[in-house]
J.: 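Sharing a structure below in C-alpha coordinates format, with a few things to ask.
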2 protein chains.
Amino acid sequence: MYTVFAWEAYASGFPGCERMFGLFSAAEALKARGMRVTPQRIAVYNVLKATDDHPSVETVYERVRSDCPSISLNTVYTTLCKMAEIGLIRPIDAGDGLCRYDGNPHPHAHVVCTSCRRVEDLDVRIDLDEKEAASRSDYTIDDVAVYFYGKCADCRKLSNRSIRSI
Amino acid sequence: MYTVFAWEAYASGFPGCERMFGLFSAAEALKARGMRVTPQRIAVYNVLKATDDHPSVETVYERVRSDCPSISLNTVYTTLCKMAEIGLIRPIDAGDGLCRYDGNPHPHAHVVCTSCRRVEDLDVRIDLDEKEAASRSDYTIDDVAVYFYGKCADCRKLSNRSIRSI
DNA sequence: CGCTTGTGGATAATCATTATCAATAGGGAG
DNA sequence: CTCCCTATTGATAATGATTATCCACAAGCG
(Lines give C-alpha, C1' and ligand atoms only; values in the text may rest on other atoms or scores of the structure.)
Protein backbone atom coordinates (compact mmCIF):
# COMPACT_ATOMS: atom_id res chain seq x y z
CA MET A 1 0.00 0.00 0.00
CA TYR A 2 1.41 3.32 -1.05
CA THR A 3 0.34 6.16 1.16
CA VAL A 4 1.32 9.34 -0.57
CA PHE A 5 1.22 11.82 2.28
CA ALA A 6 3.33 14.25 4.14
CA TRP A 7 6.46 12.45 3.22
CA GLU A 8 8.79 15.40 2.98
CA ALA A 9 7.61 16.75 6.31
CA TYR A 10 8.08 13.33 7.86
CA ALA A 11 11.54 12.85 6.46
CA SER A 12 12.72 16.32 7.41
CA GLY A 13 11.49 15.77 10.97
CA PHE A 14 13.64 12.65 11.29
CA PRO A 15 17.12 13.50 10.08
CA GLY A 16 19.05 10.39 9.37
CA CYS A 17 16.04 8.43 8.22
CA GLU A 18 17.12 8.66 4.58
CA ARG A 19 18.42 5.13 4.69
CA MET A 20 15.04 3.90 5.83
CA PHE A 21 13.59 5.31 2.66
CA GLY A 22 16.33 4.03 0.43
CA LEU A 23 17.89 7.45 0.08
CA PHE A 24 21.53 6.54 0.26
CA SER A 25 24.02 9.18 -0.67
CA ALA A 26 24.49 9.53 -4.38
CA ALA A 27 28.03 8.10 -4.19
CA GLU A 28 26.85 5.16 -2.14
CA ALA A 29 23.95 4.40 -4.47
CA LEU A 30 26.15 4.63 -7.56
CA LYS A 31 28.79 2.35 -6.11
CA ALA A 32 26.18 -0.15 -4.99
CA ARG A 33 25.19 -0.50 -8.64
CA GLY A 34 28.73 -0.78 -9.89
CA MET A 35 28.58 2.66 -11.43
CA ARG A 36 31.50 5.01 -11.17
CA VAL A 37 31.36 8.07 -8.96
CA THR A 38 32.40 11.06 -11.05
CA PRO A 39 32.38 14.78 -10.30
CA GLN A 40 29.83 15.27 -13.08
CA ARG A 41 27.40 12.85 -11.50
CA ILE A 42 27.78 14.33 -8.04
CA ALA A 43 27.30 17.82 -9.43
CA VAL A 44 24.15 16.81 -11.32
CA TYR A 45 22.77 15.12 -8.24
CA ASN A 46 23.52 18.15 -6.07
CA VAL A 47 21.61 20.40 -8.44
CA LEU A 48 18.52 18.25 -8.04
CA LYS A 49 18.92 17.98 -4.28
CA ALA A 50 19.34 21.74 -3.89
CA THR A 51 15.91 22.61 -5.27
CA ASP A 52 12.30 21.71 -4.82
CA ASP A 53 11.25 22.71 -8.30
CA HIS A 54 11.36 20.02 -10.95
CA PRO A 55 13.90 21.13 -13.50
CA SER A 56 14.10 19.93 -17.07
CA VAL A 57 17.30 18.41 -18.42
CA GLU A 58 18.20 21.71 -20.02
CA THR A 59 17.64 23.56 -16.75
CA VAL A 60 19.79 21.11 -14.83
CA TYR A 61 22.43 21.60 -17.50
CA GLU A 62 22.38 25.38 -17.07
CA ARG A 63 22.60 25.13 -13.29
CA VAL A 64 25.25 22.45 -13.11
CA ARG A 65 27.60 24.44 -15.32
CA SER A 66 28.33 26.79 -12.41
CA ASP A 67 29.88 23.85 -10.55
CA CYS A 68 31.14 21.98 -13.54
CA PRO A 69 31.59 24.34 -16.50
CA SER A 70 32.86 21.78 -18.99
CA ILE A 71 30.05 19.28 -18.57
CA SER A 72 28.18 18.43 -21.74
CA LEU A 73 24.44 18.28 -22.22
CA ASN A 74 24.84 14.67 -23.26
CA THR A 75 26.36 13.81 -19.91
CA VAL A 76 23.49 15.50 -18.11
CA TYR A 77 21.04 13.44 -20.14
CA THR A 78 22.74 10.13 -19.50
CA THR A 79 23.40 10.89 -15.85
CA LEU A 80 19.80 11.82 -15.11
CA CYS A 81 18.54 8.82 -17.03
CA LYS A 82 20.76 6.38 -15.17
CA MET A 83 20.03 7.89 -11.78
CA ALA A 84 16.33 7.55 -12.50
CA GLU A 85 16.90 3.93 -13.54
CA ILE A 86 18.48 3.05 -10.21
CA GLY A 87 15.84 4.97 -8.27
CA LEU A 88 18.00 7.81 -7.01
CA ILE A 89 15.78 10.42 -8.62
CA ARG A 90 12.35 10.42 -10.20
CA PRO A 91 11.31 11.38 -13.73
CA ILE A 92 8.42 13.82 -13.92
CA ASP A 93 6.17 14.51 -16.87
CA ALA A 94 4.54 17.93 -16.90
CA GLY A 95 3.00 17.45 -20.32
CA ASP A 96 5.25 19.99 -22.04
CA GLY A 97 7.35 17.50 -23.93
CA LEU A 98 10.36 17.98 -21.68
CA CYS A 99 12.02 15.44 -19.46
CA ARG A 100 12.01 16.73 -15.88
CA TYR A 101 13.35 15.20 -12.70
CA ASP A 102 12.61 15.27 -9.01
CA GLY A 103 15.41 14.83 -6.48
CA ASN A 104 13.01 13.08 -4.13
CA PRO A 105 12.54 9.52 -5.38
CA HIS A 106 9.86 8.58 -2.87
CA PRO A 107 6.35 8.28 -4.35
CA HIS A 108 4.46 11.49 -3.74
CA ALA A 109 1.82 13.44 -5.62
CA HIS A 110 2.56 16.38 -7.89
CA VAL A 111 0.48 19.27 -9.08
CA VAL A 112 1.12 20.68 -12.55
CA CYS A 113 0.06 24.12 -13.71
CA THR A 114 -1.40 23.68 -17.18
CA SER A 115 -0.49 27.27 -18.07
CA CYS A 116 3.11 27.75 -17.01
CA ARG A 117 3.91 24.03 -16.54
CA ARG A 118 5.46 24.52 -13.14
CA VAL A 119 5.39 21.40 -11.03
CA GLU A 120 5.13 21.32 -7.25
CA ASP A 121 5.11 18.58 -4.69
CA LEU A 122 1.71 18.00 -3.22
CA ASP A 123 1.23 17.00 0.38
CA VAL A 124 -2.06 15.17 0.15
CA ARG A 125 -3.20 11.84 1.47
CA ILE A 126 -3.90 9.25 -1.23
CA ASP A 127 -4.17 5.57 -0.57
CA LEU A 128 -3.13 3.49 -3.53
CA ASP A 129 -3.31 -0.24 -3.10
CA GLU A 130 -0.72 -1.67 -5.45
CA LYS A 131 -1.79 -5.20 -4.54
CA GLU A 132 -5.31 -4.49 -5.71
CA ALA A 133 -3.89 -2.86 -8.82
CA ALA A 134 -1.75 -5.93 -9.48
CA SER A 135 -4.59 -8.38 -8.89
CA ARG A 136 -6.89 -6.52 -11.26
CA SER A 137 -4.40 -6.11 -14.05
CA ASP A 138 -2.00 -9.07 -14.15
CA TYR A 139 0.87 -6.61 -13.81
CA THR A 140 3.52 -6.59 -11.12
CA ILE A 141 3.38 -3.06 -9.76
CA ASP A 142 6.69 -1.37 -8.97
CA ASP A 143 5.79 2.29 -8.76
CA VAL A 144 3.00 4.81 -8.92
CA ALA A 145 2.65 8.43 -10.01
CA VAL A 146 -0.15 10.83 -9.18
CA TYR A 147 -0.54 14.13 -11.02
CA PHE A 148 -3.08 16.82 -10.32
CA TYR A 149 -3.57 19.39 -13.07
CA GLY A 150 -4.78 22.93 -12.59
CA LYS A 151 -3.80 26.58 -12.50
CA CYS A 152 -1.29 28.06 -10.10
CA ALA A 153 -1.99 31.30 -8.25
CA ASP A 154 0.28 33.34 -10.51
CA CYS A 155 -1.39 32.16 -13.70
CA ARG A 156 -4.85 32.79 -12.24
CA LYS A 157 -3.81 36.36 -11.49
CA LEU A 158 -2.48 36.82 -15.01
CA SER A 159 -5.66 35.51 -16.64
CA ASN A 160 -7.81 37.72 -14.40
CA ARG A 161 -5.76 40.72 -15.37
CA SER A 162 -6.06 39.98 -19.07
CA ILE A 163 -9.82 39.61 -18.75
CA ARG A 164 -10.05 42.94 -16.97
CA SER A 165 -7.91 44.66 -19.58
CA ILE A 166 -10.25 43.84 -22.47
CA MET B 1 -13.75 14.14 -4.87
CA TYR B 2 -12.64 11.95 -7.72
CA THR B 3 -13.33 8.28 -7.22
CA VAL B 4 -11.42 6.44 -9.86
CA PHE B 5 -13.16 3.12 -9.86
CA ALA B 6 -14.98 0.75 -12.12
CA TRP B 7 -15.96 3.49 -14.44
CA GLU B 8 -15.85 1.60 -17.69
CA ALA B 9 -17.88 -1.26 -16.25
CA TYR B 10 -20.39 1.22 -14.92
CA ALA B 11 -20.73 3.11 -18.15
CA SER B 12 -21.02 -0.01 -20.29
CA GLY B 13 -23.74 -1.33 -18.00
CA PHE B 14 -25.78 1.79 -18.53
CA PRO B 15 -25.92 2.52 -22.24
CA GLY B 16 -27.03 6.07 -22.85
CA CYS B 17 -25.36 7.42 -19.74
CA GLU B 18 -22.60 9.00 -21.81
CA ARG B 19 -24.20 12.40 -21.48
CA MET B 20 -24.13 12.07 -17.70
CA PHE B 21 -20.39 11.80 -17.93
CA GLY B 22 -19.96 14.59 -20.43
CA LEU B 23 -19.36 12.14 -23.25
CA PHE B 24 -21.31 13.87 -25.97
CA SER B 25 -20.91 12.56 -29.47
CA ALA B 26 -17.85 13.88 -31.20
CA ALA B 27 -19.92 15.92 -33.63
CA GLU B 28 -21.93 17.42 -30.80
CA ALA B 29 -18.85 18.29 -28.77
CA LEU B 30 -17.09 19.85 -31.75
CA LYS B 31 -20.10 21.96 -32.68
CA ALA B 32 -20.55 23.08 -29.09
CA ARG B 33 -17.06 24.54 -29.26
CA GLY B 34 -17.59 26.19 -32.60
CA MET B 35 -15.31 23.71 -34.31
CA ARG B 36 -16.21 22.26 -37.67
CA VAL B 37 -17.31 18.68 -38.02
CA THR B 38 -15.18 17.10 -40.72
CA PRO B 39 -14.84 13.51 -41.95
CA GLN B 40 -11.20 13.51 -40.80
CA ARG B 41 -12.12 14.41 -37.24
CA ILE B 42 -14.90 11.87 -37.06
CA ALA B 43 -12.58 9.19 -38.44
CA VAL B 44 -9.85 10.01 -35.90
CA TYR B 45 -12.36 9.98 -33.09
CA ASN B 46 -13.79 6.64 -34.21
CA VAL B 47 -10.34 5.07 -34.19
CA LEU B 48 -9.92 6.02 -30.54
CA LYS B 49 -13.41 4.90 -29.62
CA ALA B 50 -12.95 1.54 -31.32
CA THR B 51 -10.07 0.42 -29.12
CA ASP B 52 -9.14 0.11 -25.50
CA ASP B 53 -5.42 0.29 -26.08
CA HIS B 54 -3.88 3.74 -25.94
CA PRO B 55 -2.46 4.40 -29.37
CA SER B 56 0.22 6.92 -30.19
CA VAL B 57 -0.37 9.59 -32.81
CA GLU B 58 1.49 7.50 -35.37
CA THR B 59 -0.65 4.46 -34.57
CA VAL B 60 -3.86 6.46 -34.88
CA TYR B 61 -2.53 7.71 -38.20
CA GLU B 62 -1.92 4.19 -39.48
CA ARG B 63 -5.36 3.02 -38.40
CA VAL B 64 -7.33 5.99 -39.61
CA ARG B 65 -5.91 5.67 -43.12
CA SER B 66 -8.15 2.67 -43.75
CA ASP B 67 -11.17 4.96 -43.36
CA CYS B 68 -9.58 8.10 -44.66
CA PRO B 69 -6.60 7.26 -46.88
CA SER B 70 -5.65 10.79 -47.79
CA ILE B 71 -5.43 12.13 -44.25
CA SER B 72 -2.10 13.61 -43.28
CA LEU B 73 -0.11 12.99 -40.13
CA ASN B 74 -0.32 16.69 -39.42
CA THR B 75 -4.10 16.55 -39.36
CA VAL B 76 -4.02 13.63 -36.96
CA TYR B 77 -1.73 15.61 -34.66
CA THR B 78 -3.85 18.74 -34.67
CA THR B 79 -7.11 16.83 -34.38
CA LEU B 80 -5.97 14.81 -31.40
CA CYS B 81 -4.52 17.88 -29.74
CA LYS B 82 -7.72 19.88 -30.16
CA MET B 83 -9.95 17.05 -29.02
CA ALA B 84 -7.83 16.67 -25.91
CA GLU B 85 -8.10 20.42 -25.30
CA ILE B 86 -11.88 20.31 -25.30
CA GLY B 87 -11.96 17.21 -23.14
CA LEU B 88 -13.24 14.74 -25.72
CA ILE B 89 -10.24 12.48 -25.31
CA ARG B 90 -7.41 12.21 -22.82
CA PRO B 91 -3.66 12.46 -23.39
CA ILE B 92 -1.65 9.64 -21.90
CA ASP B 93 2.06 9.57 -21.10
CA ALA B 94 3.66 6.16 -21.06
CA GLY B 95 7.16 7.48 -20.60
CA ASP B 96 8.32 6.49 -24.08
CA GLY B 97 8.40 9.98 -25.51
CA LEU B 98 5.31 9.44 -27.63
CA CYS B 99 2.03 11.26 -27.41
CA ARG B 100 -0.74 8.73 -26.77
CA TYR B 101 -4.46 9.21 -26.34
CA ASP B 102 -7.32 7.52 -24.55
CA GLY B 103 -10.81 7.66 -26.04
CA ASN B 104 -12.27 7.65 -22.54
CA PRO B 105 -11.88 11.15 -21.11
CA HIS B 106 -13.18 10.31 -17.65
CA PRO B 107 -10.49 10.20 -14.94
CA HIS B 108 -9.37 6.64 -14.39
CA ALA B 109 -6.13 4.97 -13.46
CA HIS B 110 -3.69 3.46 -15.94
CA VAL B 111 -1.03 0.84 -15.65
CA VAL B 112 2.07 1.12 -17.82
CA CYS B 113 4.43 -1.75 -18.62
CA THR B 114 7.94 -0.38 -18.24
CA SER B 115 9.24 -2.97 -20.72
CA CYS B 116 6.91 -2.85 -23.70
CA ARG B 117 5.21 0.45 -22.78
CA ARG B 118 1.73 -0.90 -23.27
CA VAL B 119 -0.90 1.01 -21.34
CA GLU B 120 -4.07 -0.49 -19.93
CA ASP B 121 -6.98 0.94 -18.04
CA LEU B 122 -6.96 -0.03 -14.41
CA ASP B 123 -10.13 -0.69 -12.52
CA VAL B 124 -9.03 0.15 -9.03
CA ARG B 125 -10.56 2.29 -6.32
CA ILE B 126 -8.61 5.44 -5.54
CA ASP B 127 -10.04 8.33 -3.62
CA LEU B 128 -8.47 11.61 -4.59
CA ASP B 129 -9.72 14.68 -2.84
CA GLU B 130 -9.16 17.55 -5.23
CA LYS B 131 -10.41 20.02 -2.63
CA GLU B 132 -7.71 18.93 -0.22
CA ALA B 133 -5.21 19.10 -3.05
CA ALA B 134 -6.33 22.63 -3.89
CA SER B 135 -6.27 23.80 -0.29
CA ARG B 136 -2.76 22.49 0.24
CA SER B 137 -1.30 23.90 -2.94
CA ASP B 138 -3.00 27.17 -3.90
CA TYR B 139 -3.86 25.61 -7.25
CA THR B 140 -7.32 25.22 -8.72
CA ILE B 141 -7.52 21.53 -9.57
CA ASP B 142 -9.15 20.59 -12.87
CA ASP B 143 -8.01 17.07 -13.45
CA VAL B 144 -6.02 14.17 -12.08
CA ALA B 145 -3.99 11.33 -13.53
CA VAL B 146 -2.86 8.14 -11.80
CA TYR B 147 -0.25 5.86 -13.34
CA PHE B 148 0.93 2.56 -11.98
CA TYR B 149 4.19 1.24 -13.41
CA GLY B 150 5.21 -2.39 -13.60
CA LYS B 151 5.66 -5.38 -15.87
CA CYS B 152 2.89 -6.98 -17.87
CA ALA B 153 2.43 -10.76 -17.97
CA ASP B 154 3.94 -11.07 -21.46
CA CYS B 155 7.12 -9.21 -20.53
CA ARG B 156 7.49 -11.23 -17.34
CA LYS B 157 7.33 -14.42 -19.42
CA LEU B 158 9.91 -13.08 -21.84
CA SER B 159 12.34 -12.12 -19.09
CA ASN B 160 11.91 -15.50 -17.43
CA ARG B 161 12.63 -17.23 -20.71
CA SER B 162 15.74 -15.18 -21.32
CA ILE B 163 17.03 -15.98 -17.85
CA ARG B 164 16.44 -19.67 -18.42
CA SER B 165 18.15 -19.58 -21.80
CA ILE B 166 21.45 -18.35 -20.38
C1' DC C 1 -25.55 29.79 -54.69
C1' DG C 2 -21.76 32.40 -53.16
C1' DC C 3 -18.89 34.14 -49.47
C1' DT C 4 -16.07 33.81 -45.42
C1' DT C 5 -13.12 31.54 -42.72
C1' DG C 6 -11.60 27.57 -40.37
C1' DT C 7 -9.42 23.39 -41.91
C1' DG C 8 -6.58 19.87 -44.54
C1' DG C 9 -2.48 18.34 -46.71
C1' DA C 10 2.30 18.70 -48.51
C1' DT C 11 6.53 20.31 -47.21
C1' DA C 12 9.98 22.18 -44.53
C1' DA C 13 11.68 23.50 -40.02
C1' DT C 14 12.35 22.87 -35.12
C1' DC C 15 14.23 20.93 -31.24
C1' DA C 16 14.55 17.47 -27.55
C1' DT C 17 16.82 13.36 -27.29
C1' DT C 18 19.97 9.70 -28.75
C1' DA C 19 23.92 7.63 -31.16
C1' DT C 20 28.84 7.66 -32.29
C1' DC C 21 33.46 7.52 -31.02
C1' DA C 22 38.00 9.02 -29.69
C1' DA C 23 40.01 10.78 -25.47
C1' DT C 24 39.89 10.66 -20.61
C1' DA C 25 39.73 9.30 -15.91
C1' DG C 26 37.81 6.12 -12.04
C1' DG C 27 39.18 2.61 -9.23
C1' DG C 28 40.56 -2.10 -8.40
C1' DA C 29 44.64 -5.27 -8.93
C1' DG C 30 49.21 -5.88 -8.13
C1' DC D 1 51.82 4.10 -5.52
C1' DT D 2 51.37 2.78 -10.32
C1' DC D 3 49.29 0.42 -14.08
C1' DC D 4 45.69 -1.08 -16.70
C1' DC D 5 41.04 -1.98 -18.00
C1' DT D 6 36.92 -0.13 -18.95
C1' DA D 7 33.13 2.92 -17.92
C1' DT D 8 32.44 7.59 -18.76
C1' DT D 9 32.89 12.04 -20.87
C1' DG D 10 32.25 15.54 -24.38
C1' DA D 11 32.15 17.12 -29.25
C1' DT D 12 29.59 16.17 -33.09
C1' DA D 13 26.25 14.33 -35.94
C1' DA D 14 21.94 11.86 -36.47
C1' DT D 15 17.32 10.75 -35.29
C1' DG D 16 12.63 11.35 -35.02
C1' DA D 17 8.52 13.29 -32.91
C1' DT D 18 6.21 17.43 -33.17
C1' DT D 19 5.21 22.03 -35.02
C1' DA D 20 5.10 25.81 -38.42
C1' DT D 21 4.02 27.45 -43.04
C1' DC D 22 1.09 28.25 -46.68
C1' DC D 23 -2.10 27.59 -50.28
C1' DA D 24 -6.11 25.12 -51.83
C1' DC D 25 -10.38 23.60 -50.30
C1' DA D 26 -14.73 22.88 -48.28
C1' DA D 27 -18.00 23.52 -44.08
C1' DG D 28 -21.46 26.23 -42.72
C1' DC D 29 -23.74 30.49 -42.85
C1' DG D 30 -26.73 33.83 -45.18
Side-chain angles (χ1 to χ4, degrees), chain A residues 25-45 47 54-86 88-89 91-101 117 119, chain B residues 25-47 54-65 67-86 88-89 91-101 117 119:
Chain A
S25 79
E28 211 169 334
L30 291 170
K31 272 187 204 162
R33 294 290 194 121
M35 293 167 61
R36 288 186 184 165
V37 179
T38 68
Q40 291 90 339
R41 286 173 179 179
I42 300 301
V44 166
Y45 186 75
V47 166
H54 301 74
S56 66
V57 177
E58 192 80 30
T59 304
V60 172
Y61 175 59
E62 287 162 14
R63 292 183 190 168
V64 79
R65 273 150 62 97
S66 64
D67 272 0
C68 191
S70 72
I71 198 171
S72 74
L73 184 57
N74 192 343
T75 299
V76 178
Y77 266 102
T78 57
T79 298
L80 289 170
C81 185
K82 291 198 173 188
M83 283 184 175
E85 248 174 52
I86 69 179
L88 252 183
I89 63 178
I92 295 290
D93 172 59
D96 56 357
L98 298 181
C99 205
R100 292 157 176 260
Y101 290 92
R117 295 292 165 183
V119 181
Chain B
S25 78
E28 212 170 334
L30 291 171
K31 272 188 205 163
R33 293 292 193 122
M35 292 168 60
R36 289 184 185 166
V37 179
T38 67
Q40 290 90 340
R41 288 175 180 181
I42 300 300
V44 166
Y45 186 74
N46 286 342
V47 166
H54 302 75
S56 67
V57 178
E58 193 80 32
T59 305
V60 172
Y61 175 60
E62 287 162 14
R63 292 182 190 170
V64 77
R65 274 149 63 96
D67 272 0
C68 190
S70 72
I71 198 172
S72 74
L73 183 57
N74 191 343
T75 299
V76 177
Y77 266 103
T78 57
T79 299
L80 289 170
C81 185
K82 291 196 173 191
M83 282 182 174
E85 249 174 51
I86 68 178
L88 252 183
I89 62 178
I92 296 289
D93 172 58
D96 56 356
L98 298 180
C99 205
R100 292 158 177 258
Y101 290 93
R117 295 290 166 183
V119 181

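Computed from a predicted model, the values in this text were never measured in an experiment. To find a chain, count down the sequence lines: A is the first, B the second, and so on, and within it residues start at 1.
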J.: Round to the nearest Å and state the distance from A:D96 atom CG to D:dA17 atom C1'.
T.: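 After rounding, the reported distance stands at 15 Å.
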J.: If you take all heavy atoms of A:I42 and A:A27, which pair is closest and at what distance?
T.: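 That closest heavy-atom pairing would be CD1-N, 4.3 Å.
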J.: Taking all non-hydrogen atoms of both residues, which atom of B:V64 and which atom of B:V44 are closest, and how far apart?
T.: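 The pair with the smallest heavy-atom distance is CG2-N, 3.7 Å.
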J.: Using salt bridge (Lys or Arg N to Asp or Glu O under 4.0 Å) as the criterion, list what pairs up with B:D96, not counting sequence neighbours.
T.: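 Scan of B:D96 (salt bridge (Lys or Arg N to Asp or Glu O under 4.0 Å), adjacent residues dropped) gives B:R100.
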J.: Write down the atom of A:Y101, the atom of A:A84, and the distance for their closest heavy-atom approach.
T.: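 Taking A:Y101 first and A:A84 second, the nearest heavy atoms are CE2-CB, 3.8 Å.
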J.: By the side chain to side chain donor-acceptor pair (under 3.5 Å) test, which pairs, at least two apart or in different chains, include something from residues 70-83 of chain B?
T.: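 For residues 70-83 of chain B, and leaving out neighbouring residues, the side chain to side chain donor-acceptor pair (under 3.5 Å) pairs sorted by first residue read B:S72-B:T75.
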J.: So what does B:G34 touch, heavy atoms closer than 4.0 Å: a base, only the sugar-phosphate, or nothing?
T.: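 Since no nucleic acid heavy atom lies under 4.0 Å of B:G34, the category is nothing.
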J.: Among residues at least two apart in sequence or on other chains, which ones pass side-chain contact (heavy atoms from CB on, under 4.5 Å) with A:Y61?
T.: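 Per chain and number, A:Y61 pairs via side-chain contact (heavy atoms from CB on, under 4.5 Å) with A:E58, A:R65, A:I71, A:L73, A:V76.
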J.: Under a 4.0 Å heavy-atom cut-off, which of residues 72-86 of chain B touch DNA chain D?
T.: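 Those residues whose heavy atoms fall under 4.0 Å from DNA chain D, taken from residues 72-86 of chain B in numerical order, are B:N74, B:Y77.
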J.: Give one of base, sugar-phosphate or nothing for B:S56, where a contact means two heavy atoms less than 4.0 Å apart.
T.: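 Touches nothing.
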J.: Taking the axis from the first five pairs and the axis from the last five, what angle separates them in the helix from C:dC1-D:dG30 to C:dG30-D:dC1, rounded to 10 degrees?
T.: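 Result, rounded to 10 degrees: 40°.
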J.: Quick one: list whatever passes salt bridge (Lys or Arg N to Asp or Glu O under 4.0 Å) with A:R63, sequence neighbours left out.
T.: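 Applying salt bridge (Lys or Arg N to Asp or Glu O under 4.0 Å) to A:R63 gives A:D53.
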J.: For B:T59, give me all partners under side-chain hydrogen bond (donor to acceptor under 3.5 Å, both in side chains), at least two apart in sequence or on another chain.
T.: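 By the side-chain hydrogen bond (donor to acceptor under 3.5 Å, both in side chains) rule, B:T59 matches B:S56.
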J.: So, taking the atom named CG in B:L88 and the one named CG in B:L30, what distance separates them when rounded to the nearest 0.5 Å?
T.: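 Answer rounded to 0.5 Å: 6.0 Å.
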J.: Minimum heavy-atom separation for A:Q40 and A:C68, please, with both atom names.
T.: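 Result for this residue pair: CG-SG, 4.0 Å.
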J.: Report each atom pair, protein N/O against N/O of nucleotides 28-30 of chain D, whose distance is under 3.5 angstrom.
T.:
| unit_1 | atom_1 | unit_2 | atom_2 | d |
| --- | --- | --- | --- | --- |
| D:dG28 | OP1 | B:V37 | N | 3.2 |

J.: Atom CD1 of B:I71 and atom P of D:dC25: how far apart are they, to the nearest Å?
T.: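 Nearest whole value for this atom pair: 18 Å.
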J.: Using salt bridge (Lys or Arg N to Asp or Glu O under 4.0 Å) as the criterion, list what pairs up with A:R41, not counting sequence neighbours.
T.: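 In terms of salt bridge (Lys or Arg N to Asp or Glu O under 4.0 Å), with neighbours along the sequence ignored, A:R41 is linked to no residue.
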J.: Kindly indicate whether the side chain of B:M35, heavy atoms from C-beta on, has any atom under 4.5 Å from the side chain of B:I86.
T.: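 B:M35 reaches B:I86 side chain to side chain.
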J.: Give me the residues of residues 60-68 of chain A where at least one heavy atom lies under 4.0 Å from an atom of DNA chain D, by number, or none.
T.: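 Those residues whose heavy atoms fall under 4.0 Å from DNA chain D, taken from residues 60-68 of chain A, amount to none.
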J.: Of all nucleotides in DNA chain C that come within under 4.0 Å of a heavy atom of chain B, which is furthest toward the 5' end and which toward the 3' end?
T.: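 With heavy atoms of chain B under 4.0 Å away, the range is C:dT5 to C:dA10.
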